[in-house]
Amino acid sequence: VLAADPPSPIAGEADAYFDLCVQYGINPAVALAFFSKESDRGTTGVAVQTRSWGNQRRARQAARSTGTLQTQWGPFAIYRNWRDSLADWCETLLSEVYKGEGRTTVRSVIPKYAPAFENNTTLYIHQTLERLSRWQDAPPPAPGFIDYPILAPPAISQAQFVAILQQYGSPAGADAPALYDLAVANKVDPAVALAFFVMTSRAGTGYQNPAKVANHNWGEIAGNGAGIGGVATYSTWAQGLTAWIRLLVDDYGSQGLNTLSTVLGRYQPAGMSDPASYARALGDLIQIWQNAPAGVGGGGIQYTNPLHC
């Protein structure tokens with residue numbers, strides 16, 4: 001997480017910061033979630049100047065501070081280094097101010113740490129818990145696995161995109177050129193979009209209930225559940241693909257989930273299936289298409305287990 005773009009200024013010393021949290025008995029993931037929320041891991045806001053892990057107003061131990069930064073949002077302690085700041089943050093949460101009052105969980109700490117009169121406390125709690133869940137679910141990259149990015153130039157040609165949909169006898173085949181162009185216009189790799197379509201429904205031909213084809217749901221995304229089978233429904237395949245793109249690019253991408261391995265932890269959580277295996281299957285499928293002759297669908301691999309978002 002610390003090494004993600006833009007990299008945190010402490011990315012090269014991640015192990016030391018992890019160990020410091022453990023020494024204090026603080027969950028490193030929780031500490032990292034606060035660090036991410038307050039300053040995007042030390043890359044934005046006043047923390048760039050103060051080297052403050054959690055944007056502390058004052059240092060718990062004065063020797064760790066070199067002064068105070070006065071801002072329009074009030075004063076913030078300036079720390080000698082990030083490690084002193086993390087130590088101060090840990091000691092604050094273990095002090096009479098939090099632990100002493102029985103505040104030992106995310107839900108109990110944040111209302112005091114980020115009070116409602118100057119923060120959206122509910123959102124802070126939600127974002128912190130969401131980060132923890134996402135990091136816990138994220139599958140590790142498998143050996144030899146190509147972790148294709150969602151936003152990328154086309155990995156396959158339009159002709160091959162069309163041929164693959166024809167190979168599956170896809171109901172979206174008639175719209176294939178326009179669907180390819182729609183993905184490109186949104187800077188999404190059409191091969192990645194197509195791999196999800198094949199994986200979730202054999203490109204619209206593998207539903208257990210054939211009537212679900214009327215949903216025009218590119219990736220079996222839940223939405224409001226108004227469609228056949230309890231998923232979202234759209235008027236056209238173009239609308240279904242657009243909704244899928246918005247889910248991956250706007251919702252997931254804004255959270256830093258922008259490759260197969262990172263997206264699948266949310267798109268297909270571990271409690272529902274094996275996200276690492278799904279990510280590998282998608283990557284393998286794209287590789288097969290890339291290695292196939294131009295305009296040929298590829299090896300004919302078919303996946304019949306639908307994903308649920």
Side-chain angles (χ1 to χ4, degrees), residues 148-255 257-258 260 263-264 266-268 272 278 281-282 285-286 288-290 292 295-298 300-309:
Y148 287 93
I150 308 301
L151 295 174
I156 59 175
S157 67
Q158 186 186 88
Q160 195 155 15
F161 186 94
V162 172
I164 293 165
L165 287 178
Q166 290 175 344
Q167 171 188 312
Y168 283 97
S170 173
D175 302 321
L179 294 170
Y180 181 96
D181 291 342
L182 177 61
V184 172
N186 284 275
K187 301 181 180 180
V188 170
D189 183 351
V192 171
L194 184 56
F196 272 85
F197 190 32
V198 170
M199 188 74 166
T200 55
S201 66
R202 280 187 73 246
T205 66
Y207 302 113
Q208 290 184 347
N209 178 359
K212 289 185 74 175
V213 70
N215 290 332
H216 300 101
N217 193 318
W218 189 269
E220 288 293 87
I221 60 179
N224 60 10
I228 298 168
V231 296
T233 184
Y234 306 97
S235 299
T236 65
W237 287 110
Q239 290 181 8
L241 175 57
T242 298
W244 179 87
I245 290 172
R246 295 281 68 83
L247 174 69
L248 268 70
V249 175
D250 294 348
D251 293 359
Y252 295 170
S254 66
Q255 300 165 26
L257 310 178
N258 46 36
L260 294 181
V263 160
L264 263 295
R266 286 287 310 283
Y267 194 94
Q268 183 69 20
M272 298 172 65
Y278 270 104
L282 289 166
L285 195 54
I286 295 170
I288 289 172
W289 294 338
Q290 285 184 303
V296 176
I301 288 182
Q302 298 174 348
Y303 300 92
T304 57
N305 293 331
L307 299 176
H308 302 279
C309 311

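Note that this is a predicted model, so its numbers are computed, not measured.
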Can you list the steps and then say if Asn215 with Val231 is a side chain to side chain contact (heavy atoms under 4.5 Å, CB included)? CA-CA 8 Å; Asn215 290 332; Val231 296; 3.6 Å; yes
Under a 4.5 Å cut-off applied to non-hydrogen side-chain atoms, are Val192 and Ile286 in contact? yes
For a 4.5 angstrom cut-off between non-hydrogen side-chain atoms, does Phe161 reach Pro154? no
Set of residues satisfying side chain to side chain donor-acceptor pair (under 3.5 Å) with respect to Gln158, sequence neighbours excluded: Asp181
Between Val188 and Trp244, is the side chain to side chain contact (heavy atoms under 4.5 Å, CB included) condition met? List the steps. CA-CA 11 Å; Val188 170; Trp244 179 87; 4.1 Å; yes
Enter the distance from Ser201:OG to Gln208:CD here, rounded to the nearest 0.5 Å. 12.0 Å
For the aromatic rings, using the six-membered ring if either is Trp, is the centroid distance between Tyr267 and Tyr278 under 6.0 Å? no
Going through the checks in order, is the side chain to side chain contact (heavy atoms under 4.5 Å, CB included) test met by Trp237 and Leu241? CA-CA 6 Å; Trp237 287 110; Leu241 175 57; over 6 Å; no
Mind listing the closest non-hydrogen atom pair of Pro171 and Val213 along with its distance? CG-CG2, 3.5 Å
Output all residues satisfying side chain to side chain donor-acceptor pair (under 3.5 Å) with Asp250, sequence neighbours left out; order by chain, then residue number. Arg246
Between the CG atom in Leu194 and the CD atom in Gln160, the distance rounded to the nearest 0.5 Å is 9.5 Å
Test of understanding: with side chain to side chain donor-acceptor pair (under 3.5 Å), list the residues that count as partners of Asp251, not counting sequence neighbours. none
Mind listing the closest non-hydrogen atom pair of Ala176 and Val162 along with its distance? CB-CG2, 3.7 Å
Using side-chain heavy atoms (C-beta onward) and a distance below 4.5 Å, is Leu165 in contact with Tyr180? no
Quick one: CG on Leu285 to CD on Gln290, what's the gap to the nearest 0.5 Å? 10.5 Å
For Lys212 and Gly229, which heavy atoms make the closest approach, and how far apart are they? CE-CA, 4.4 Å
Is there a donor-acceptor contact under 3.5 Å from the side chain of Asn217 to the main chain of Ile221? yes
Looking only at heavy atoms, what is the nearest atom pair of Trp218 and Ala193, with distance? NE1-O, 2.8 Å
Quick one: OG1 on Thr242 to NE2 on His216, what's the gap to the nearest 0.5 Å? 13.0 Å
Residues passing the side chain to side chain donor-acceptor pair (under 3.5 Å) test with Tyr207, sequence neighbours excluded, are none
Working to the nearest 0.5 Å, report the span between CG of Leu247 and CZ of Phe196. 9.0 Å
Between Asn209 and Ile228, is there a side-chain heavy-atom distance shorter than 4.5 Å? yes
Please evaluate residues Leu282 and Tyr148 with respect to the criterion side chain to side chain contact (heavy atoms under 4.5 Å, CB included), reporting the C-alpha separation (whole Å), side-chain torsions for both, the decisive distance (0.1 Å), and the verdict. CA-CA 9 Å; Leu282 289 166; Tyr148 287 93; over 6 Å; no
Between Asp189 and Ala155, is there a donor-acceptor pair closer than 3.5 Å when you use the side chain of the first and the backbone of the second? yes
Heavy-atom closest contact (Ala191 atom, Ile156 atom, distance): CB-CG1, 3.9 Å
Any residue meeting side-chain contact (heavy atoms from CB on, under 4.5 Å) with Ala174, in chain and number order, not counting sequence neighbours: none
With rounding to the nearest 0.5 angstrom, report the CG to CG distance, Leu248 to Asn258. 10.0 Å
Could you list the residues that satisfy side-chain contact (heavy atoms from CB on, under 4.5 Å) with Ala226, not counting sequence neighbours? Asn224
